[in-house]
Each structure stands twice: as C-alpha cells, then as structure tokens.
> 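Submitted below is the structure of interest, expressed as structure tokens.
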Amino acid sequence: MSAVMGVIQYILDLGPSVMMPIIVFILCMVFRMPFNRSIRSAIIIGIGFIAINLVIGLMSSTLGPATKAMVENTGVHLDVVDVGWPVAAAISFGTVSVVPWIFVLGIILNLILIVVRFTKTLDVDMWNYWHFIFTAAFVYVITNNLLIAIALSLITELIVLKLADLTAPITQDYYGLPGISLPHTETVDLAPIGWTLNKLIDRVPGLNKLHADTGTIQERFGVVGEPMIVGLVLGLLIGILAYYPGLGTNFGEAFGHILTTAISLGAVMLVLPRMVAILMEGLVPLSEGAQTFISERFPGRELYIGLDAAIVVGFANNMTVALIMVPITLVLAIGMSFLGLNRMLPFTDLAVLPFTVIWANTWSRGNVVRGVIIATIYMTGILSIATFLAPMTLELAKGAHFTIPQGASAISSIDSGSHILPFILVFGFSLNQLGANGPVFLIWTALWVVFTIVCYVLFFNYARNHVPGMDDKHLYVKEEDEASFEMEEEVGAFDSGDEAIASS
C-alpha cells in the first residue's frame, strides 16, 4: 500500500499542468488518434492550465492585499483565515488514510456507472479527485469512521457525475464545448440551486425583465462596455475602497495601488478568455476523437469527457459577475459576522469567484443581473459552511504537517465552503460541531440544508422529462439571437424530414 501511495503522491505532486497532459495523451492513444495530433493536444492542454493559473494568480495577488485593506478599514475582526483552495488540495492529498481508497474506488465507481449506463461522464480530471478526498477527510474527522467517510465520498462522486450529465447539454451549447461535461464538485453541486433560483426569478414581476450581459453592455456603451473596461472600472472601485485612507498621508503610494488594482483586473478580464481559448484548442481534438471512437464501437452510445470547470471561467459574463461579487462577498462576510453566521475573512479565495458563479450565471445564459443575485444567495451559505469546516480543516492541516499561517487560530476557504453537497450528506453527523457555533448558526445551516434538498428535488424531477437549460432555451436567449435560434430549429426539422424520407 505504501508503494502505491508513493506513486499516487508523486503523480499528484506534478500538478494539473503536467498530470492532465499525461492523462489526455493516454486517452488520445486509447481513442486511436494520430500520434502527432495527440501529443500536440496534450501539450496545449498543459500550457492552457499554466496560462489560466498565471492569470488567476494575478487576480489573487491583486485582490488579496486589496481585500485585507478593505477589511482593515472597517475594523472588523474575523478569526478564520481564508487560505485558498491550493491549501485545501494540499491538505487533502496529505491525508494519507483516505487518499488511496478514494482514488482507487472512485475510478472503479466511475467505470461501473458508465457500464451500467447510470452516467455518461468519464471523469478524466484526476487532479480534482481531491474534492472527493477532501470530503472523505473532513467526514472522517467528524465521524472518526473510515467506512462512513469513504461511503459519503463515493455518494458525492455518484451525484456529481449525474449532475455533470444533466448540465452537459447547456455546457456544450452555451459554452461551445461539444462532448464535454463538468464534474467539478464545488461548482456543479451549486447547479440545482442556481437553476431553482433562476426559475423563481422568472416569476418575480419586474425583476424577470431585467437583463444585462457583457455583449449588450458593449453594444450600448461602446468601448466603455468592453470586458477589459468593466474590469478596469470595478478594479478602480475596489482599489479606492481599499486604499483611500492612504491618499491623505502618502498620496503617491496609495494612488499607485489604486491604479495597479484597476489595470490588473482589467488585464484579467481581457487575458483570461484568451488563456481559456488555448485550453479549449487542446480539448477539442480529444472530444472529437472520443466521440468518433465511441460511435464506431458503440453505435448509439454517448459519452462525455469530464473536465475541470476552469475551461469556462474565462467567459466574459462569468468574470463580470465574479468581480462584482468581490465587494458583495466582503460586505456579506462582515454583515453575517454580526449575526453569528460567519467567522471567515474572504481573502485568498476571492480569486476562485469565477468558478463559484458559473452556475449562478449559466442557466440564464449570461444575464449578469441574475448572476449577481443568485451568486449572492450562494455566498450566504458558502461563508457559513466555510466557518463550520474551519476546525476540521485546521485538524487536517496539522495531521498533514501543513504550516499554519502565522497568527491564524483557524483556517478555511471559499472553495471549501462551496462543497455544499458533501455538507448536506454529513449534516446529520455534525450537529454537535454546528451547535458549537451557537443555536442561531445551527438553525441557519439547517435551513440551508432544507433549501438545498428542495432545490435538488425540483431539479431532478424537472430533468426526468426535460433537458435543463435546453428545453427552455428560448426564454433566455437575447432578442437578437431569437431569429437565429428559430432558424436552427427549422433547419433541424428540415434535416430530420430529409432523414425520414431517405430512410423510407
């Protein structure tokens, strides 16, 4: 077991920028793609991950100090430090008691579910198995029972794969990713909640008529509405809120920080979509090769390639909502702290907000107004779950010999708090830990559990007879797209008619 663990740990330590190209190259060979095309696709995917991480790193290094300054301006003390998702991943892979179990059993479970046709998603994103490992790790800390930890982790994987299936049609249609699904735990587990809230907004008079996206903003305001200008303006506002006290004492330094924040976030809005395009350039050949391989050997069988949600974060509407959510998240964190519902200072993981808002924004096909509303509701639950997970994360960090940030009495992250599905599954085992945060906190998280379960029931019930995001597509496409959408339907019907004539 130790030898196997050593091999697994070595591969994981390579990181997604090395690990994913190796996996993709092997898959390309399995799907019998030409060697030259396979190696090129694999290398481009590795470069794409590096490029995306560079831009996310820029965003993190810009927002981190600005966030700290904004909170210091308020004088609020929040004792749980947001250490970011990389720390959560490192802690997960360092929890040696569960890593080999989840890797081996997780892969076997995915293959079994494909064979029995429960899922169409082949999750090749091995790096992000750390989400399932993280689930098992914190459940193990809570229950002190390895079997329960493994069971809840595998149940999480099963539901995530199903959610990836159900969200694949709109992912492929809206983002232009044929044959791809997103079994990314801390994003796709928010999809049923986002879908339900989007449907509720449909029923609110006035609010259901509000629409804004980067396309219409740019059309209406010209260059001022371009994504990079939107990022620049939002960065300017964040910079002013963070560094305005210094304008009176050291104007040059403070003004420089404000301008740096503005131009950096403008750069993120411009560059990130182009970095994602590099990643997609490498993914398309794999998707095409997989579909060809499957259609030739299994006629009528459809299979999705499950990938990291990083491939969609760079879309302009997602980035716009994410940047708007930065000050909103800070205000929520402070406001909820006064109510006893949050103890975490959002900091490092503000850079993952583009991931968090994906399923706040996708169901309405990029309506920024709805995206911000839904993401704000998301965040009220995420902050509380992150607070709940802080003691377990600290214990796991110590067990994995991770260096705790100086002065931190507890650690967590926005990413950890986004693991809503595992939290629902472990809720019944966690009443003592939840109660330690006070009765108000316990009641609030219980309400979130009930709300989430209702959203999941409504979503899965709808999906029994409909394709979420596709059967109601006409409700959310922009007016100027309706004509082309209707034309697509007519062409599809015409083609179907031709096929029927030919077959007869």
Side-chain angles (χ1 to χ4, degrees), residues 56 58-78 80-82 84 210 212-214 217 224-225 227-247 254-255 257-269 272 313 316-339 341-358 360-361 367-384 386-387 413-415 417-418:
I56 294 294
L58 170 63
M59 187 175 176
S60 179
S61 63
T62 301
L63 288 176
T67 300
K68 185 176 181 181
M70 289 171 68
V71 173
E72 287 175 351
N73 293 340
T74 68
V76 174
H77 175 68
L78 297 168
V80 176
V81 178
D82 175 7
L210 296 179
D213 59 58
T214 53
I217 292 172
V224 178
M228 66 176 178
I229 302 298
V230 173
L232 186 80
V233 172
L234 290 172
L236 188 64
L237 292 174
I238 292 170
I240 292 171
L241 291 173
Y243 301 114
Y244 75 86
L247 292 174
F255 189 62
H257 284 316
I258 292 171
L259 292 181
T260 299
T261 303
I263 198 68
S264 295
L265 295 186
V268 168
M269 289 290 283
L272 187 55
V313 297
N317 293 324
N318 290 339
M319 288 302 303
T320 300
V321 173
L323 290 181
I324 294 173
M325 283 303 300
V326 171
I328 291 176
T329 299
L330 291 171
V331 170
L332 279 176
I334 294 169
M336 290 175 65
S337 70
F338 291 125
L339 299 174
L341 303 178
N342 174 58
R343 291 169 43 214
M344 186 181 75
L345 168 63
F347 182 58
T348 306
D349 251 2
L350 287 171
V352 307
L353 287 178
F355 290 82
T356 308
V357 305
I358 289 171
N361 211 35
N367 187 337
V368 171
V369 176
R370 295 191 182 208
V372 170
I373 293 171
I374 296 171
T376 300
I377 296 173
Y378 280 174
M379 200 54 61
T380 62
I382 289 170
L383 290 170
S384 292
T387 297
S413 65
I414 290 175
D415 184 281
S418 299

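Just so you know, these numbers use all the heavy atoms, side chains as well, and skip hydrogens, waters and symmetry mates.
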> Can you check side chain to side chain contact (heavy atoms under 4.5 Å, CB included) on I328 and M379, steps first, answer last?
CA-CA 9 Å; I328 291 176; M379 200 54 61; over 6 Å; no

> OG1 of T329 to CG of L350: how many Å apart, nearest 0.5 Å?
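Rounded to the nearest 0.5 Å, the OG1-CG separation comes to 6.5 Å.
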
> Assess the residue pair I377 and I374 against the criterion (side chain to side chain contact (heavy atoms under 4.5 Å, CB included)); give the C-alpha distance rounded to whole Å, side-chain angles, the decisive distance to 0.1 Å, and a yes or no.
CA-CA 5 Å; I377 296 173; I374 296 171; 5.7 Å; no

> Below 4.5 Å, heavy atoms only, C-beta onward: do T380 and L332 meet side chain to side chain?
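When only atoms from C-beta onward are counted, L332 and T380 do touch, with a gap below 4.5 Å.
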
> Taking all atoms of both residues into account, what is the closest heavy-atom pair of G239 and I258, and its distance?
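So the two residues come closest at O-CG1, 3.4 Å.
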
> Quick one: CD1 on I263 to CG on L232, what's the gap to the nearest 0.5 Å?
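Atom-to-atom, I263:CD1 and L232:CG are 5.5 Å apart.
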
> Would you find a donor on one side and an acceptor on the other, under 3.5 Å apart, between the side chain of D349 and the backbone of S413?
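A pair under 3.5 Å: no.
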
> Show the nearest heavy-atom pair for residues G246 and A254, with the distance to one decimal.
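Shortest heavy-atom contact: C-CB, 3.5 Å.
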
> What heavy-atom pair brings A242 and A66 nearest, and what distance separates the two atoms?
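That closest heavy-atom pairing would be CB-O, 3.3 Å.
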
> Going from CD1 on I358 to CG on N317, what distance comes out if it is rounded to the nearest 0.5 angstrom?
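Spacing of CD1 (I358) from CG (N317) equals 12.5 Å.
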
> Check the pair L345, D82 against side chain to side chain contact (heavy atoms under 4.5 Å, CB included), reporting the backbone distance first and the verdict last.
CA-CA 6 Å; L345 168 63; D82 175 7; 5.8 Å; no

> Would you compute the distance between atom OG1 of T260 and atom NE2 of H257 and round it to the nearest 0.5 angstrom?
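It comes to 7.5 Å.
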
> Treating N342 as the side-chain partner and I382 as the backbone partner, does any N or O pair qualify as donor plus acceptor under 3.5 Å?
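Between the backbone of I382 and the side chain of N342 there is no qualifying donor-acceptor contact (under 3.5 Å).
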
> Measure the CG-CG distance between L341 and L383 for me, rounded to the nearest 0.5 Å.
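Here the interatomic distance stands at 10.0 Å.
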
> Supply the atom-to-atom distance I240 CD1 to L247 CG, rounded to the nearest 0.5 angstrom.
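One gets 8.0 Å once the value is rounded to the nearest 0.5 Å.
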
> Using distance alone, with no hydrogens and no angle criterion, decide if N361 and N318 have a side-chain donor and acceptor under 3.5 Å apart.
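Yes - a donor-acceptor pair under 3.5 Å links their side chains.
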
> How far apart are the closest heavy atoms of T261 and G235, and which atoms are they?
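Taking T261 first and G235 second, the nearest heavy atoms are CG2-O, 3.4 Å.
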
> The criterion is side chain to side chain donor-acceptor pair (under 3.5 Å); which residues satisfy it with S384, sequence neighbours excluded?
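Scan of S384 (side chain to side chain donor-acceptor pair (under 3.5 Å), adjacent residues dropped) gives W444.
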
> Provide the closest heavy-atom pair for T387 versus M344 in the form atom of the first, atom of the second, distance.
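What the structure gives for the nearest pair is OG1-N, 3.8 Å.
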
